[in-house]
Amino acid sequence: QINVGAVLPCVKNALTPYKDVRSNGWQIVGSVDKRELLPSRAAIYGSNQGLATARAVWVRDHVLSGVSAFEPNSAVVSIVGPSNVGRKIGEAELQLDRTVEIFLFVDGDISKLHGSKAQNIMKPIVCPGR
């Protein structure tokens, strides 16, 4: 289970540089690992893709809903497949594929950014999940 109290301040901090930039939309991307779901999980989610979608929707509804600039009507939820594949993939690599990424689309003029230089806006910010 994700701890909203840990994630929300991190997400708000990550969005601070964009406070004066107009948003054109949001994309929330859930990812899957390559391991098959346990039967108990499959009964709930159906597939890894269903679980990834549930993760992304949960972040949209429980984390981003706490961000004042978030516009639910301009948000798209999507999923991606695993990055770590092969026969000798360990638990750490599998866990890297169990993420949710948040993308904010902004107008082309990024000169209004605060607290961040333009060269830093493409760097990911990793928020704790627990």
Open item on the list: Looking at every non-hydrogen atom in both residues, tell me the closest pair between G66 and K12 and how far apart they are.
Closed with: O-CE, 2.9 Å
Task: Contact summary for V4 and V63, nearest pair of heavy atoms - done: CG2-CG2, 4.5 Å
Open item on the list: With clusters defined by side-chain heavy atoms of hydrophobic residues (ILVMFWY) lying less than 4.5 Å apart, directly or transitively, does V7 cluster with V67?
Closed with: yes
All N/O donor-acceptor pairs, side-chain side in residues 42-52, below 3.5 Å, sequence neighbours left out:
residue, atom, partner, partner atom, Å
S47, OG, Q49, N, 3.3
S47, OG, Q49, OE1, 3.3
S47, OG, G50, N, 3.1
N48, ND2, D33, O, 3.3
N48, ND2, R35, O, 2.7

Open item on the list: Looking at every non-hydrogen atom in both residues, tell me the closest pair between A56 and G30 and how far apart they are.
Closed with: CB-N, 3.7 Å
Open item on the list: Can you tell me how far apart CH2 (W26) and CZ (F103) are? Round to the nearest 0.5 Å.
Closed with: 12.5 Å
- [ ] Mind jotting down which residue pairs meet the disulfide (SG to SG under 2.5 Å) criterion with at least one end in residues 18-77? Sequence neighbours excluded, please.
- [x] none
Task: Test applied, side chain to side chain contact (heavy atoms under 4.5 Å, CB included); reference residue, V100; option that passes from V57, V59, I79, V77 - done: V59
- [ ] Mind listing the closest non-hydrogen atom pair of I28 and A75 along with its distance?
- [x] CD1-CB, 3.8 Å
Task: Close side-chain approach of C10 and I125, heavy atoms under 4.5 Å - done: yes
Task: Pairs involving residues 61-76, ordered by first then second residue, that meet side chain to side chain donor-acceptor pair (under 3.5 Å) (sequence neighbours left out) - done: W58-H62
- [ ] Rounded to the nearest 0.5 Å, what's the gap from CG on L15 to CG on L64? Could you check?
- [x] 7.5 Å
Task: Heavy-atom pair of closest approach, residues S23 and L104 - done: OG-CD1, 3.2 Å
Task: N/O donor-acceptor pair under 3.5 Å between S31 side chain and T99 backbone - done: yes
